[in-house]
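First up is the structure itself, then whatever we jot down about it.
Computed from heavy atoms alone, side chains included, the values below leave out hydrogens, waters and symmetry copies. Below, chain A is the first sequence line, B the second, and so on; all start at residue 1.
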Amino acid sequence: MNEPIFHYYGNKAGVEGADQIKQVIDDATRGSEYYKRQQEKRQQVLQKVNKMQMELDSYKNNEQKIKETKEIIQNKVKEFQINTDRIWAHFDMDMFYVACELLDKPELKDKPVAVGQTIVSTANYVARKFGVRSAMPGFVAKKLCPEIIFIPCHFEKYKSVSNIFMTILKKYDDNLESMGLDEANLDLTEYINNSQEDPAILCENIRKDILLATQLTASCGVGPNKMIAKLASEINKPNGLHVVEQSATAVLNFLEKLPIRKIPGIGNITEQILSGLNFNTCKDVRDRADELYVIFTPKTFEYIFYSCWGVARNYHVEFEDQHSISCQRTFSSISTQREFEDKVDYIAEKLAEEMQSEEKVGNHLTLIIKTSKFEIRSKSLQLNQYTNQAKQIAIYGKQLLKIMQLDEPIRLLGLKMSSLANEKQIQKQSISTYFKRQIDKSSGQENLVPSIKGSKSHQITEENDSFNKMSLQQQEQSKPDILSDDEASSISNQILSGVNSKSHQSQQQQQQYQQKQQAQPKSFRCPICNKEIDCKGNNTVLNKHIDRCITQQNVIVEQSDESNRNFSGSKIKVPSKIDSKAQKSFNFFKK
DNA sequence: GGGCGATGTTTTT
DNA sequence: TTCCAAAAAACATCGCCC
Ligand SMILES: Cc1cn([C@H]2C[C@H](O)[C@@H](COP(=O)(O)OP(=O)(O)OP(=O)(O)O)O2)c(=O)[nH]c1=O
Ligand SMILES: [Mg+2]
């Protein structure tokens, strides 16, 4: 009786299977607030598609423009090549959270299991046969698979397994990138150059290592760049390997019939838009790229275009410290001011706890709420000093609450701290904020009650400074003494005209999309870390870099790169070898 | 035409 | 009977102020 009513084998599914599942989901959810909100969003997407379609229609009537655009595209196609000099691997654990839980409960192995309570984080493959998926609400999962067993989430457990996993992989690429606990992207080029091993054999051996060390299976994909390797890892999941050979034709073939939704960075919404315009596979994009060129922003266009041609980043970017720490909770709706404030207090405490254990301080706070109708709103504010104290955060949080003018029930409240710096390592303020601070202070203006539309920035002066860990004086002292005023202004002068255009610039300066050999055109030398920063005349990149350089005192190299979606960073800090730094990294993973 | 800060959207695990 | 997470990041867009 442990059989699905109808089987669902992912995209290999019989149509009826998939349809029936959709039906069950729809029946179970229709009418809810959530459902209504989703419907609204869908409508908005449709509107957007309509607008784009109209733009396209007018484009189609302009032969001249078509000719021009197609020529631009053709040139682009001629310009790039699919670089196969490097070899990447993507490792991804199978049904990770559940797999970790099953370690402790092997007797459940053949039963449908999911981790999560209200929402399923992930489900094992038994449950997936019933249509159960990540991010699905629990009650729907139950409807699809009445016998499913839910196990609550034990994050710490997954972190420690992840540690083992990452430690193994680091032997093959010490700079590996990762977007989550259960996956890692490695550039194996150097390792393979040394060992001369066959990539497939190497990766199978690594998978065995992982299995031996964790008792869990991982899948792996191999290809000439990060994106291809990631896509490949899904092919023979679970517990499988797929290699895309190191040749342009292999890459092109591999991508040809791939639904664009699979391209990392193209999610639900973009898929809807694209499919609304009749783009469904990478081939569609290749064939009709000119159409995308006229309706998308340059950035989006380039990234879709190059992805579909298999052109993506094949070198590592420097590790970046975390930009933000946040804490949010969903609860049964509340609607009184008092309740809101209590929640802020609670969340502030949680956030402070987290920040302190990470030894971080921050000076930009954001309050996030979700209404009972699933609308999300946020208010944020630049603090006058760095903090990680619960009471301090709560005070600011409540100020934001006031500004928010809540007059309807909410189901979620969260706080996010950004502009982080290390608690220990002096709270050096960033160049940009430092200068602005100065202006603010010299004006002597104290905007006590920031009005929402009055000023664009909510300058809130803390009415209770005593909680602040670092005294104002300390903060004054910590101004960028590393930087003389002369140097500072010279940096400011270096800041060129921005490049943030909505229209495609004709500057065909063959952007060295991803792929290894990047010549550095417009770059500056950072006065702090003394490294070249390829900022492409984009001062945002430069500023950000200097910001980080000052606040952390870590050395960071920014590499900007138009063709790649930059969400690809390494979110997770991984224990490195056994040096002094390893200590800190482990610390990061600990609790 | 910027730049900048706040806010909202989209994606990923 | 009802029921849809949490954390982090990158982009896009808007309004204001030069
Ligand atoms: C997709 C997703 C994953 N996760 C967690 C649970 C997953 O076990 C973990 C890794 O995500 P995934 O690697 O996407 O999924 P998975 O490892 O569970 O399954 P697969 O065999 O297909 O790789 O991240 C969430 O919490 N929410 C999500 O929406
Ligand atoms: Mg996985």
The nucleotide from dA7(C), dT7(B), dT10(B) with an atom nearest the side chain of Thr270(A) is dT10(B)

For Glu183(A), which contact category applies under a 4.0 Å heavy-atom criterion: base, sugar-phosphate, or nothing? sugar-phosphate

Could you tell me the separation between the NZ atom of Lys237(A) and the C1' atom of dT13(B), rounded to a whole number of Å? 12 Å

Quick note, Phe139(A) side chain, CB onward, closest among dC4(C), dT12(B), dT7(B) is dC4(C)

Checking all strands, does Ser134(A) fall into the base, sugar-phosphate, or nothing category for heavy-atom contacts under 4.0 angstrom? nothing

Pi-cation contact, Tyr125(A) with Arg128(A) (under 6.0 Å, within 45°): yes

Given atom CD1 of Ile410(A) and atom P of dA5(C), what is their separation to the nearest angstrom? 14 Å

Taking any heavy-atom pair under 4.0 Å as a contact, classify Cys153(A): base, sugar-phosphate, or nothing. nothing

Looking at Lys157(A), I want to see if its NZ is surrounded by more than 12 non-hydrogen atoms of other residues, nucleotides or ligands under 6.0 Å. yes

With a 3.5 Å cut-off and no angle check, do the side chains of Asp173(A) and His316(A) form a donor-acceptor pair? yes

Watson-Crick or G-U wobble partner for dA5(C), using a 3.5 Å limit on both distances? none

When you get a sec, tell me which of dC4(C), dA7(C), dC11(C) is the closest nucleotide to the side chain of Lys299(A)? dC11(C)

Want to settle it: does Lys48(A) or Arg329(A) sit nearer the 5' end of DNA chain C, counting the closest nucleotide to each? Arg329(A)

Is His323(A) close enough to dA10(C) that one of its side-chain N or O atoms is under 4.0 Å from OP1 or OP2 there? yes

What is the distance, rounded to the nearest whole Å, between atom CD1 of Ile376(A) and atom P of dG8(B)? 10 Å

Checking all strands, does Lys370(A) fall into the base, sugar-phosphate, or nothing category for heavy-atom contacts under 4.0 angstrom? sugar-phosphate

So what does Ile273(A) touch, heavy atoms closer than 4.0 Å: a base, only the sugar-phosphate, or nothing? nothing

Atom-to-atom span, CD of Glu177(A) to C1' of dA9(C) - whole angstrom: 14 Å

Quick one: Phe296(A) CZ to dT13(C) P, roughly how many Å, whole number? 11 Å

Leu274(A) side chain reached by Leu292(A) side chain, heavy atoms, under 4.5 Å: yes

Do Asn225(A) side-chain atoms and Arg313(A) backbone N/O form a donor-acceptor pair below 3.5 Å? no

Return the value, rounded to whole Å, for the distance between atom CZ of Arg377(A) and atom P of dA6(B). 19 Å

Identify, between Ser32(A) and Ser324(A), the residue whose nearest nucleotide on DNA chain C lies closer to the 5' end. Ser32(A)

Quick one: which of dA10(C), dT12(B), dA7(C) gets closest to the side chain of Met179(A)? dT12(B)

Asp182(A) or Ser378(A): which one's nearest nucleotide on DNA chain B is closer to the 5' end? Ser378(A)

Using a 4.0 Å heavy-atom cut-off, does Ile325(A) contact any base of the nucleic acid, only the sugar-phosphate backbone, or nothing at all? sugar-phosphate

Spacing of Lys416(A) atom NZ relative to dA5(C) atom P, expressed in whole Å: 18 Å

Checking side-chain contact (heavy atoms from CB on, under 4.5 Å) for the pair Cys327(A)/Leu415(A): CA distance, chi angles, key distance, verdict? CA-CA 6 Å; Cys327(A) 178; Leu415(A) 287 169; 5.8 Å; no

Could you measure between the two C1' atoms, the one in dA5(C) and the one in dT12(B), and give it in whole Å? 14 Å

At under 4.0 Å between heavy atoms, what does Arg261(A) touch on the DNA or RNA strands: base, sugar-phosphate, or nothing? sugar-phosphate

Closest to side chain of Gln382(A), choosing from dC4(C), dA6(B), dA12(C): dA6(B)

Supply the atom-to-atom distance Phe319(A) CZ to Leu176(A) CG, rounded to the nearest 0.5 angstrom. 10.5 Å

For the side chain of Arg411(A), starting at C-beta, report the closest nucleotide among dA8(C), dA12(C), dC3(C). dC3(C)

Would you indicate which nucleotide in dA5(C), dA12(C), dT13(B) comes nearest to any side-chain atom of Lys230(A)? dT13(B)

For the pair made of CD1 in Ile266(A) and P in dT13(B), what is the distance, rounded to whole Å? 14 Å

Taking only side-chain N and O atoms of Thr300(A), does any of them lie within less than 4.0 angstrom of OP1 or OP2 on dC11(C)? no

State which of dA6(C), dA8(C), dA5(C) makes the closest approach to the side chain of Gln328(A). dA6(C)

Side chain of Ile269(A) only, heavy atoms from C-beta on: which candidate in dA8(C), dT10(B), dA5(C) is closest? dT10(B)

With respect to the phosphate group of dA5(C), does any side-chain polar atom (N or O) of Thr118(A) fall under 4.0 Å of OP1 or OP2? no

